[in-house]
Asker: 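Have a look at this one before I ask anything.
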Protein chains: 2
Amino acid sequence: MNLKDLSDLLGLSQTTVSRALNGYPEVRESTRQKVMEAARAHNYAPNTRAKTLATGKAMTIGHVLPVSKKHEMVNPIFADFIAGAGEIYSDNGFDLLLSVVDDDSEEASYRKLVSRGAVDGIIVHGPKVNDSRIALLRELGVPFVVHGRSTEIEADYSWVDVNNTRAFQRVTEFLLDLGHRRIALLNGLADMDFATRRGAGYVAALEERGMQVDPALMFHEEMTENFGFEIACSLLAQDNPPTAFVVSSIIPAIGVRRAISDAGLEMGKDVSVVIHDDALSYFSNDGDEPAFTAVRSSVRQAGRHVAQALINKIATPGAPVHQEMLEAVLAVGRSTGQAPALRQALEQEK
Amino acid sequence: MNLKDLSDLLGLSQTTVSRALNGYPEVRESTRQKVMEAARAHNYAPNTRAKTLATGKAMTIGHVLPVSKKHEMVNPIFADFIAGAGEIYSDNGFDLLLSVVDDDSEEASYRKLVSRGAVDGIIVHGPKVNDSRIALLRELGVPFVVHGRSTEIEADYSWVDVNNTRAFQRVTEFLLDLGHRRIALLNGLADMDFATRRGAGYVAALEERGMQVDPALMFHEEMTENFGFEIACSLLAQDNPPTAFVVSSIIPAIGVRRAISDAGLEMGKDVSVVIHDDALSYFSNDGDEPAFTAVRSSVRQAGRHVAQALINKIATPGAPVHQEMLEAVLAVGRSTGQAPALRQALEQEK
DNA sequence: CCAATTTACCAAAGCGCTTTGAAAAAAGCA
DNA sequence: TGCTTTTTTCAAAGCGCTTTGGTAAATTGG
């Protein structure tokens, strides 16, 4: 069933039917009712491709999911982010075009998406410290919003980010207040912008208290469960092991927890752990006493904000850039406690 | 830059340029070279919407991601599956259209996808035991492939599934061979087809050995980490706790592991755990001695197979249905060992 | 060397919609 | 009633591509 069939059926012109369906005023209300009715009865929906061709709007947002050939890693926050963004798209009549590419042909993929006219806007995932995609997309002149930022890029562009620096400074201070002095940082890959900022927060907290930053306690890797496990195992086996861990995601933190219990220690008592919690749906870490003390910021919520910002940008091309900082909430759970040394000292005092 | 611009620039007709670009034979090789060159130089790519309108093929595959409003759950295997499918799409020039909908408007979403002509084919995720989507898609006459099956649907349709029954029968037998007699099953939601089949495999293994099936040891829930933790905690606190767990995904198994260590027990010695491992990228459970004994089947690989099957189906409409069974590999890891009772008996014997 | 093929190119129609500009019908006004 | 204004409808152009049905140019064969 296409427009012609429908209009023939109704004895009306395509123009009138189209207008009736699209809510234009120059059509009698009784006619509109009839048209709507017939459209529903025959399950008519205008052909997307014809419609977008005619209007010049693709009504589609592009997401590029780079999958490294070597690591075979898929960002675990991706699904939740997409779920959030997708809600907004549905509400606004946009489609979501997902391009899976191996990371070395990523740039070509953006170029093609735009020159094919397949999308009206693009969302940039996982920005690097110095991300070439931002310059590329500006050059291509396509509206885009970055989930995160790119520290070394001077240009103005739209982004929605969590205040990573503040969050990590906060949790580090929290651990310091509990008497921890040797605090390990298990961070994401070093070239990721979020990881840099989190590292900066951690360092800032230590330096503010006049403490040495020990590079031997800072780790950058793909944030797998195994990464957390391996590092924690080797650290805990050292002579002077850290008493606390700051971990960039709940996934490696699960590995850390495993290492702690394998070492016969108790998390929250012998060793403290704080995490950044993206509020992934399958790892709920909430309730009145979450398993992990965490700075929490829902990545799904971020997806909603990024999507909305992009849609606004597409609707109002001249508008200024959208830059939005989300704050992470510090929620204290069962994974943290006073440093053993401090606890002993306090007990002695009694 | 569009076709007209490019052909004007070259002093050729749109026809010739189009044919040159699409590899048709009726164009001189030297002309084709010139055209290709110019296209590359000016970064020309044919407008997707115009092209698909003209050809009548959308060159797009639809995926519907239902997100339950109440649970706010996003299937954690989704990202890996998509990554696999996306590779195949890229290789074959297909786009991936992702529709995020809340689960009660799922049917409408499929209808619309088809009547809008937005997709050439659809992939069905997470089939229920009696899934209405299969009848719907057949009625709509759109090519589709199901990731999984739907037990109660008689009709012929294309699917790619893991042999869940066999896999779970196998791991249950494995536990029985180790002397375990009280084996708990932590399964997915009861209406999910895969969960039913896995349950059937578990039951079959027990019955084959003439053992009672204890419904108090079988659990159906959304497969979160918390689910595993809660159930395992309460079971281990019972008078006659199970000595082994069969768990439908690595995620709840992580919760089970946590419960075991919280109870002061050792996994692989006091309590055994076997899992179904989807080989999610952030929870690698491989190497020569994986953390969990598992029946493994890469969901990413499944994504590739499903996508390829659908593309073939679209290319050859008359072809018979594609039904493909993937077998899961049993890999023994460190999470299983002899049942404590059996071990004691054997020691006594010496 | 000229007719019959083959090769290389082109004009125009069509994909299904929106939108412009015009016309017909209805309503308002004197 | 006749004329103007407003409302309602329509025919046709256009979005950017592919593809059909040509025609002119080059090649072949007798």
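These numbers were taken from a predicted model, which means no experiment stands behind them. Proteins get letters first, then strands, A, B, ... in listed order; numbering begins at 1 in each.
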Asker: Would you call B/Glu107 and B/Lys112 a salt bridge, using N to O less than 4.0 angstrom?
Answerer: no
Asker: Measure the spacing between CD1 of A/Ile122 and CD1 of A/Ile61 and express it to the nearest 0.5 Å.
Answerer: 9.0 Å
Asker: Under 4.0 Å from any heavy atom of chain A: name the first and the last nucleotide of DNA chain C that qualifies, 5' to 3'.
Answerer: C/dG16 to C/dG21
Asker: Axis-to-axis angle across the helix from C/dC1-D/dG30 to C/dA30-D/dT1, five pairs an end, to 10 degrees?
Answerer: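 The end axes of the helix from C/dC1-D/dG30 to C/dA30-D/dT1 are about 40° apart, to the nearest 10°.
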Asker: Give the intermediate values and the outcome of side-chain contact (heavy atoms from CB on, under 4.5 Å) for residues A/Glu87 and A/Arg304.
Answerer: CA-CA 7 Å; A/Glu87 285 176 33; A/Arg304 292 196 192 95; 2.9 Å; yes
Asker: Does any non-hydrogen side-chain atom of A/Leu3 lie less than 4.5 Å from one of A/Ser18?
Answerer: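 Yes. Closest side-chain heavy atoms under 4.5 Å.
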Asker: Identify each donor-acceptor pair in which a side-chain atom of residues 50-58 of chain A lies under 3.5 Å from a protein atom, sequence neighbours left out, and give them as a table.
Answerer:
| from | atom 1 | to | atom 2 | distance (Å) |
| --- | --- | --- | --- | --- |
| A/Thr52 | OG1 | A/Thr48 | O | 2.9 |
| A/Thr52 | OG1 | A/Arg49 | O | 3.1 |
| A/Thr52 | OG1 | B/Arg49 | NE | 3.3 |
| A/Thr55 | OG1 | A/Lys51 | O | 2.9 |
| A/Thr55 | OG1 | A/Thr52 | O | 3.4 |
| A/Thr55 | OG1 | A/Lys57 | N | 3.3 |

Asker: Students often get this wrong, so: under 4.0 angstrom with heavy atoms, is A/Thr55 touching a base, only sugar-phosphate, or nothing?
Answerer: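 Answer is sugar-phosphate: A/Thr55 comes under 4.0 Å of backbone atoms only.
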Asker: Please identify which of these residues, B/Asp156, B/Asp193, B/Asp161, B/Asp131, meets the salt bridge (charged side-chain N to carboxylate O under 4.0 Å, His left out) condition with B/Arg149.
Answerer: B/Asp161
Asker: A/Leu98 versus B/Tyr89: any side-chain heavy-atom pair under 4.5 Å?
Answerer: no
Asker: Would one find a side-chain N or O of A/Ser13 under 4.0 angstrom from OP1 or OP2 of D/dC10?
Answerer: yes
Asker: Does B/Glu37, at its CD atom, have more than 12 non-hydrogen atoms belonging to other residues, nucleotides or ligands within less than 6.0 Å?
Answerer: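 Check fails, neighbour count at 12 or below.
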Asker: Rounded to whole Å, how long is the line connecting atom NZ of A/Lys4 with atom C1' of D/dA11?
Answerer: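 The answer, rounded to whole Å, is 13 Å.
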Asker: When you compare the side chain of A/Ser7 with that of A/Thr16, does any pair of heavy atoms fall below 4.5 Å?
Answerer: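 Contact flag for A/Thr16/A/Ser7 side chains = no.
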Asker: Closer than 3.5 angstrom, by distance alone: can the side chain of A/Glu324 be matched with the main-chain N or O of A/His305 as a donor-acceptor pair?
Answerer: no
Asker: Considering heavy-atom distances to DNA chain C, does B/Gly11 or B/Ala54 have its closest nucleotide positioned more toward the 5' end?
Answerer: B/Gly11
Asker: If the condition is ring pair (Phe, Tyr, Trp, His ring centres under 6.0 Å), which residues does A/Phe144 pass it with, not counting sequence neighbours?
Answerer: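 By the ring pair (Phe, Tyr, Trp, His ring centres under 6.0 Å) rule, A/Phe144 matches no residue at all.
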Asker: Within the structure provided, determine whether A/Gln14 and A/Leu6 are in side-chain contact (heavy-atom separation under 4.5 Å).
Answerer: no
Asker: Report each atom pair, protein N/O against N/O of nucleotides 26-28 of chain D, whose distance is under 3.5 angstrom.
Answerer:
none

Asker: For DNA chain D, which residues in residues 21-36 of chain B have a heavy atom at a distance below 4.0 Å?
Answerer: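 Within residues 21-36 of chain B, the residues near DNA chain D are B/Asn22, B/Tyr24.
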Asker: Which residue is it: B/Tyr110, B/Trp159, B/Phe78? I am looking for the one with a ring-ring contact (aromatic ring centres under 6.0 Å, His included) to B/His125.
Answerer: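 With B/His125 as partner, ring-ring contact (aromatic ring centres under 6.0 Å, His included) holds for just one option, B/Phe78.
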